[in-house]
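Encoded as structure tokens, the structure appears first; notes follow it.
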Amino acid sequence: MAIKDGTSTDDSRFSKVRVALDLALYLASTTSGRTIDDIQQEYALSRRTAERMRDLVEDVFGELERPPDHESGGKKVRYRLPLPKGFSFLTMPTAEELAELTNLAEAMQARDPARATLLRSLQRKIGAALLPKEALRLDPDIEAHLSTEVWAHVPGPAQLCRPEVLKTIRHALLAEHAVEVRYRKIGEEEPHLYRLVPFGLILGTRHYIVSGFLDRPKPHLLRLDRIDHATELDEPGRRPEGFDLRAYADRSFGFFQEEPERIELLFAPAAAAEARNTAFHPTQEMRQLEDGRLQVTFEAGGLVELARFLAPWRDHVEAVRPERLRNLLSQTERAT
């Protein structure tokens, strides 16, 4: 028993050391600093534990800087670690990380060349910044990783967006300028010209620009793969005050936008394990019931898309609410 307890204690100590080293890098990789709330969220810690880990980093690496808190008007304390000399090993990429970057660029190349180009550029810059002896040490391990992993082809749109379109829209977003786009609607060959205020980009199985028209600020979704050309205009294009892109994206299940509703699903015991490992929505909450069923609740719109997503579970899921989802799921069952 003593050995078992000692092993558990050692594992716990090593785990804390790993978290402390990663936290040191987390605090060193920012110019504006991190708050205790940031640390709690990043590492899923209680506030007291987050404070203890901050203190541990300060004990090991030296005093933390306290940059000005511009985001909340000085209400929170922010911390940043100026990395001391001799600790550059913390910023050295591993073979696994570099192989993953290569893999991701390869996976995106077929369907998302615009973002694949950016990843390859980052990959080359990291490689060029390595000392020759470190590059020689890492290269064989990177090749070993790459030789044992490949990405499978996933059917879908051939191109999510044109590289030049993505670059123009991103620049306009940062410059807060309006854009003019040439957009092809479904079923129409001739494109339409729209002058837009870009609010942000939502990236996924398809890429969308969230934008308002110059005369109508209400947000709309336009598919990036249907934009043939984009021009940045010398006109102000600032998104509305208080608009939250993350909150807007979370209103929907997938991309279909409608007023969010409270969703409640019950999965039968036979499907509970698979459902528990499924990410339905960022706001989801799961509860295991005494009879073995799994309750999943979240708030979202896009009920038609949700019903289609749930179709494979049709014999093992009950849509408790809303009633419209229950009816849509019933129609999906009959159609299949």
Side-chain angles (χ1 to χ4, degrees), residues 8-101 104 115 118-119 121-131 134 138 170-171 173-176 199-203 238-239 241-250 279 281-285:
S8 175
T9 301
D10 287 345
D11 288 344
S12 176
R13 287 172 181 165
F14 282 128
S15 176
K16 289 181 180 178
V17 169
R18 283 194 294 269
V19 172
L21 288 174
D22 194 67
L23 178 56
L25 187 58
Y26 181 62
L27 295 175
S29 63
T30 173
T31 56
S32 59
R34 316 279 191 188
T35 66
I36 291 296
D37 291 342
D38 294 333
I39 298 171
Q40 280 185 262
Q41 184 175 354
E42 180 72 13
Y43 296 97
L45 301 172
S46 68
R47 186 170 188 86
R48 184 69 192 110
T49 303
E51 290 170 343
R52 284 200 298 265
M53 296 308 294
R54 173 208 59 197
D55 294 343
L56 177 59
V57 169
E58 194 158 37
D59 289 343
V60 173
F61 294 96
E63 185 176 0
L64 297 173
E65 294 178 348
R66 270 70 169 173
D69 176 37
H70 300 297
E71 291 187 19
S72 63
K75 296 179 181 178
K76 297 182 178 181
V77 180
R78 310 187 74 84
Y79 304 95
R80 180 185 177 277
L81 174 64
L83 207 59
K85 291 182 178 179
F87 286 92
S88 59
F89 69 90
L90 284 174
T91 62
M92 182 63 63
T94 66
E96 185 178 9
E97 290 168 339
L98 293 175
E100 191 67 17
L101 184 57
L104 190 56
R115 298 177 73 204
L118 293 175
L119 288 173
S121 176
L122 174 62
Q123 174 193 7
R124 295 188 184 108
K125 288 175 181 177
I126 292 174
L130 293 174
L131 295 174
E134 293 297 338
L138 290 170
R170 278 179 162 162
H171 189 275
L173 279 165
L174 295 178
E176 296 185 332
F199 296 175
L201 299 171
I202 299 179
L203 309 176
R238 179 177 297 180
R239 66 189 189 185
E241 190 73 29
F243 177 79
D244 187 327
L245 182 63
R246 177 76 269 169
Y248 180 80
D250 286 349
H281 194 265
T283 65
Q284 71 185 33
E285 294 182 2

Closest approach of Ile126 to Pro93 (non-hydrogen atoms, all atoms of both residues): CG2-CG, 3.9 Å
Run Tyr248 and Ile202 through side chain to side chain contact (heavy atoms under 4.5 Å, CB included) and show every step you take. CA-CA 10 Å; Tyr248 180 80; Ile202 299 179; 4.2 Å; yes
Determine whether Leu119 and Leu101 satisfy the following criterion, side chain to side chain contact (heavy atoms under 4.5 Å, CB included), listing intermediate values before the conclusion. CA-CA 7 Å; Leu119 288 173; Leu101 184 57; 3.7 Å; yes
Applying side chain to side chain donor-acceptor pair (under 3.5 Å) to Thr283 and not counting sequence neighbours gives His281
Check: Arg52 main-chain N/O paired with Asp55 side-chain donor or acceptor under 3.5 Å: no
Gap between atom CG of Leu201 and atom CG of Leu203 - 0.5 Å precision: 6.0 Å
Under a 3.5 Å distance rule, please check whether Ser29 uses its side chain to pair with a backbone N or O of Tyr26 as donor and acceptor. yes
Tell me, yes or no, whether the heavy-atom count around Gln41 atom CD, taken from other residues, nucleotides or ligands under 6.0 Å, exceeds 12. no
In terms of heavy-atom contacts, Gly62 and Leu81 come closest through O-CD1, 4.5 Å
Glu176 atom CD: more than 12 heavy-atom contacts under 6.0 Å: yes
Answer yes when Arg48 and Glu51 have at least one side-chain N-carboxylate O distance shorter than 4.0 Å, and no when they do not. yes
Short question: side chain of Arg78, backbone of Lys76 - any donor-acceptor pair under 3.5 Å? no
Reference residue Arg80; test salt bridge (Lys or Arg N to Asp or Glu O under 4.0 Å); the match among Glu63, Glu58, Glu65: Glu65
Under the side chain to side chain contact (heavy atoms under 4.5 Å, CB included) criterion, do Leu25 and Leu21 qualify, and how do the steps go? CA-CA 7 Å; Leu25 187 58; Leu21 288 174; over 6 Å; no
Report, as yes or no, whether the 6.0 Å neighbourhood of atom CZ on Arg66 holds more than 12 heavy atoms from other residues, nucleotides or ligands. yes
Determine the minimum heavy-atom distance between Ala24 and Phe61, stating which atoms define it. CB-CE1, 3.5 Å
Give me the atom names and distance for the closest heavy-atom approach of Leu138 to Leu130. CD1-CD1, 4.0 Å
Shortest non-hydrogen contact between Tyr79 and Arg54, atoms and distance: OH-NH1, 2.9 Å
Here the gap from Thr49 atom OG1 to Leu56 atom CG, rounded to the nearest 0.5 Å, amounts to 12.0 Å
If you measure from CG on Leu23 to CD1 on Ile39, what distance do you get to the nearest 0.5 Å? 5.0 Å
Over all heavy atoms of both residues, which pair between Glu97 and Met92 is shortest? Give the atoms and the distance, please. OE1-O, 4.5 Å
Rounded to the nearest 0.5 Å, the CG atom of Leu173 sits from the NE2 atom of His171 at a distance of 11.0 Å
